[in-house]
Amino acid sequence: MKKVLSIALVSAMALTGILASSTTSTVQAAVTNGSTVTVEKGDTYKSIAAANGISISALEQANGREVGGFDLIYPGETITLPGATTTDTTNTTDTTTDTAATTQAATDTTSDATATTATDSTQQATTDTTSQDSTTQSTSTTTGTSQGTFKISFYDPSVLGSDMGYGGVAANLSVFPKGTQLKITLADGTVLYRTVNDTGTFANSNSQQLDVAMPSSSIPSYGVTTASVEVLS
């Protein structure tokens with residue numbers, strides 16, 4: 001009886017040794033390669049987790065497996081260990097790319113803003129120049145050749161039975177031929193533009209006198225004055 005027990009005990013110890021040896025062999029079977037391991041024959045998620053000092057659930061999560069599920073793996077397969085930097089490195093690269101893209105976008109925006117400002121400045125300068133040219137043109141059209149100071153009287157053509165209207169001025173035609181456009185600046189600063197279209201009684205006998213056509217209601221009370229006269233055309 002003792003012999004049988006001894007044989008059974010020896011057999012149990014031998015079996016335990018074999019199992020221990022098998023377990024050790026299984027744990028050491030996976031080949032570690034940085035942040036990943038290559039599956040060898042006999043490996044399981046449990047043995048890989050134990051060999052690398054991590055939990056099975058952490059290993060499953062790192063490889064996109066269902067936690068607590070059935071983890072079927074094959075020899076030669078690569079298993080990622082938790083804490084691998086591959087994803088972080090990729091993210092860092094993406095961040096760098098995003099930063100570069102943001103910087104480029106900011107540069108493009110600055111360039112666009114500078115170009116827009118330059119265009120606006122050019123347009124403004126052009127507008128200012130055009131405005132200045134228009135002002136100069138306007139001034140040039142209202143400034144003529146000075147003819148000196150003339151005596152000015154006024155008359156209403158309609159009172160005299162004439163239909164010449166009020167845009168004319170009577171002058172000595174040897175001084176100002178018909179059709180001559182005059183700028184007449186009265187002594188009080190009033191500026192009148194008239195076209196020579198008549199001789200007039202007084203103007204005909206006085207080369208330094210002009211009779212300006214004007215409605216009776218608008219003729220100044222002083223009746224006669226002086227004015228500086230310019231020829232526009």
Side-chain angles (χ1 to χ4, degrees), residues 1-140:
M1 183 65 176
K2 290 182 178 180
K3 184 176 180 180
V4 173
L5 291 174
S6 296
I7 292 172
L9 180 59
V10 171
S11 297
M13 292 176 63
L15 181 60
T16 301
I18 291 172
L19 290 174
S21 175
S22 176
T23 300
T24 301
S25 175
T26 300
V27 170
Q28 295 178 348
V31 178
T32 301
N33 181 20
S35 60
T36 62
V37 295
T38 302
V39 177
E40 299 290 345
K41 184 177 181 180
D43 284 343
T44 64
Y45 262 49
K46 180 177 180 180
S47 64
I48 294 174
N52 289 276
I54 56 178
S55 66
I56 298 175
S57 61
L59 185 62
E60 289 173 327
Q61 289 177 345
N63 288 273
R65 297 298 184 97
E66 180 184 354
V67 176
F70 183 72
D71 302 315
L72 182 63
I73 56 178
Y74 301 93
E77 184 178 346
T78 299
I79 302 298
T80 301
L81 299 177
T85 59
T86 302
T87 301
D88 292 341
T89 301
T90 301
N91 291 338
T92 300
T93 302
D94 292 342
T95 301
T96 302
T97 302
D98 291 342
T99 301
T102 301
T103 302
Q104 183 61 41
T107 302
D108 292 343
T109 300
T110 302
S111 298
D112 291 343
T114 302
T116 300
T117 302
T119 301
D120 291 343
S121 298
T122 302
Q123 291 176 343
Q124 182 61 41
T126 302
T127 301
D128 292 343
T129 301
T130 302
S131 177
Q132 183 176 0
D133 290 343
S134 298
T135 302
T136 302
Q137 181 65 25
S138 176
T139 302
S140 65

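- With Glu60 contributing its side chain and Gly68 its backbone, the two residues share a donor-acceptor pair below 3.5 Å.
- Atoms CG and CG, on Asn63 and Asp71 in that order, are 9.0 Å from each other to the nearest 0.5 Å.
- Of the candidates Val37, Ile54, Asn52, Ile54 is the only one forming a side chain to side chain contact (heavy atoms under 4.5 Å, CB included) with Leu59.
- Side-chain contact between Arg65 and Ile73 is present, with heavy atoms from C-beta onward closer than 4.5 Å.
- Two residues are said to be in side-chain contact when any heavy atoms from C-beta on lie closer than 4.5 Å; Val39 and Ile79 meet this criterion.
- The two residues Leu81 and Ala62 come nearest to each other via the heavy atoms C-CB, 4.2 Å.
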